[in-house]
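Shown next, in structure tokens, is the structure this report addresses.
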Amino acid sequence: MVLQRIFRTVIMGPPGSGKGTVSGRIVKRFGLTHLSSGDLLRANIKAQTELGLLMKSCIDQGQLVPDDVISRLILTEMRSIEQSSWLLDGFPRTVAQAETLDSVCSVDTVINIDVPFQTIKQRLTSRWLHLPSGRVYNIDFNPPKISGLDDVTGEPLIQRDDDTPETITRRLKSYEIQTQPVLEYYRSKGMLETFSGTETNKIWPHIQAFLSKKLFPQNETVVGKA
Ligand code: ATP
Ligand code: MG
């Protein structure tokens, strides 16, 4: 299946809501280009760029990095994939960021993953990450085939410095205060599509069905007639 036009999607949800996992599935199923602000920042920290070094303490403390810094980083990346359909993950996180995004492009749809905070707290402390790819594992419900190693490359997994109980609490607070207004912003424009649940595997089929209908409306008609 080939997309007829460029399609731009934003995925939102509190930290640990399964954004990374769902994004991976969307990218694989629909061929969108994945743009993750968290992955971009972590790549900068790993490469010890000036920006990465400046932002590390902010991130480790569970605070948002300044709007202008992250906006510049994301818009630069976006320019290089201008001709592609993309999925934006982790941006916008403030209303100011959403307005910046609006000023450069029009977004087709915003997917909101809604998971209770209590579920999230349990999840994040058992989360492991393959840093180069952004692949996420959870030792409770989505473990790697070999403990501590990435399924695809066999490289070691890490735990994020900001996945400690205290930092998680702070990240959830910042989500409530700074990011929930972004949901309202998109809801008032009629762009928000919310998917609620406690398990990624149960939420995913609904997101997949929604995107299939959005991206390939012509196929839906064919299925309906059959
Ligand atoms: P998860 O990886 O489970 O989605 P998360 O949403 O908290 O959790 P990332 O999106 O990976 O994590 O972001 C990690 C950190 O990077 C954030 O806590 C924040 O400090 C910083 N960050 C990422 N995106 C933004 C943004 N759009 N604005 C400001 N800070 C950001
Ligand atoms: Mg993420």
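Both counts, for ligands and for their atoms, begin at 1 and track the order of listing.
- Close approach to Gln63 involves these atoms of ligand 1, each under 4.0 Å from a residue heavy atom: 19 (C), 20 (O).
- Near Pro15, meaning under 4.0 Å from any of its heavy atoms, are these atoms of ligand 1: 3 (O), 5 (P), 6 (O), 7 (O), 8 (O).
- Proximity annotation for atom 6 (O) of ligand 1: of Arg93, Arg171, Arg42, Arg93 comes nearest, heavy atoms only.
- Considering only heavy atoms from C-beta on, Met191 stays 4.5 Å or farther from Tyr185 through its side chain.
- Residue Gly90 has at least one N or O atom closer than 3.5 Å to an N or O atom of ligand 1.
- Under 4.0 angstrom from ligand 1, the non-hydrogen atoms of Val65 come from both its backbone and its side chain.
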Show the atom names and distances, to 0.1 Å, of all donor-acceptor pairs under 3.5 Å that link a side chain in residues 136-150 to residues at least two apart or in another chain.
unit_1, atom_1, unit_2, atom_2, d
Tyr137, OH, Asp150, OD1, 2.6
Tyr137, OH, Asp151, N, 2.9
Asn138, OD1, Ser126, OG, 3.2
Asn138, OD1, Asp140, N, 2.9
Asn138, ND2, Arg123, O, 3.0
Asn138, ND2, Ser126, OG, 3.4
Asp140, OD2, Ser126, OG, 3.0
Asn142, ND2, Val136, O, 3.3
Asp150, OD1, Arg135, NE, 3.0
Asp150, OD2, Arg135, NH2, 3.0
Asp150, OD2, Thr153, N, 3.0
Asp150, OD2, Thr153, OG1, 2.8

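- Ligand-side atoms of ligand 1 in range of Leu41: 16 (O), 21 (C), 22 (N), 23 (C), range being under 4.0 angstrom from any heavy atom.
- Taking distance alone, with nitrogen or oxygen atoms compared against 3.5 Å, Ser17 stays at or beyond that limit from ligand 1.
- Leu192 and Val22 end up in the same hydrophobic cluster when Ile, Leu, Val, Met, Phe, Trp and Tyr side chains are linked at under 4.5 Å.
- Here Asp162 does not pair with Arg42 in a salt bridge; the nearest charged N to carboxylate O distance is not below 4.0 Å.
- Using a 4.0 Å cut-off to heavy atoms of Ser37, the atoms of ligand 1 that qualify are 23 (C), 24 (N), 25 (C).
- Residue contact check for ligand 1: Gly16 places a non-hydrogen atom closer than 4.0 Å to it.
- Where the criterion is an N or O separation shorter than 3.5 Å, residue side chain and backbone included, Asp162 fails it with respect to ligand 1.
- Considering both main-chain and side-chain atoms, Ile59 never comes within under 3.5 Å of ligand 1 through any nitrogen or oxygen pair.
- Nearest to atom 28 (N) of ligand 1 by heavy-atom distance, out of Gln97, Arg127, Arg160, is Gln97.
- Numbered from 1 in the order shown, with element, the atoms of ligand 1 that lie under 4.0 Å from a heavy atom of Leu64 read 20 (O), 29 (C), 30 (N).
- Residues Leu183 and Leu64 do not share a hydrophobic cluster, defined by chaining ILVMFWY side chains whose heavy atoms lie under 4.5 Å apart.
- Evaluation of the side-chain contact (heavy atoms from CB on, under 4.5 Å) rule for Val69 yields Leu51, Met55, Pro66 as partners, not counting sequence neighbours.
- Using a 4.5 Å heavy-atom threshold, the side chains of Phe30 and Phe7 count as separate.
- Residues Asn44 and Leu73 have side chains in contact (heavy-atom distance under 4.5 Å, counting atoms from C-beta outward).
- A donor atom on one side chain and an acceptor atom on the other are found under 3.5 Å apart for Thr164 and Thr167.
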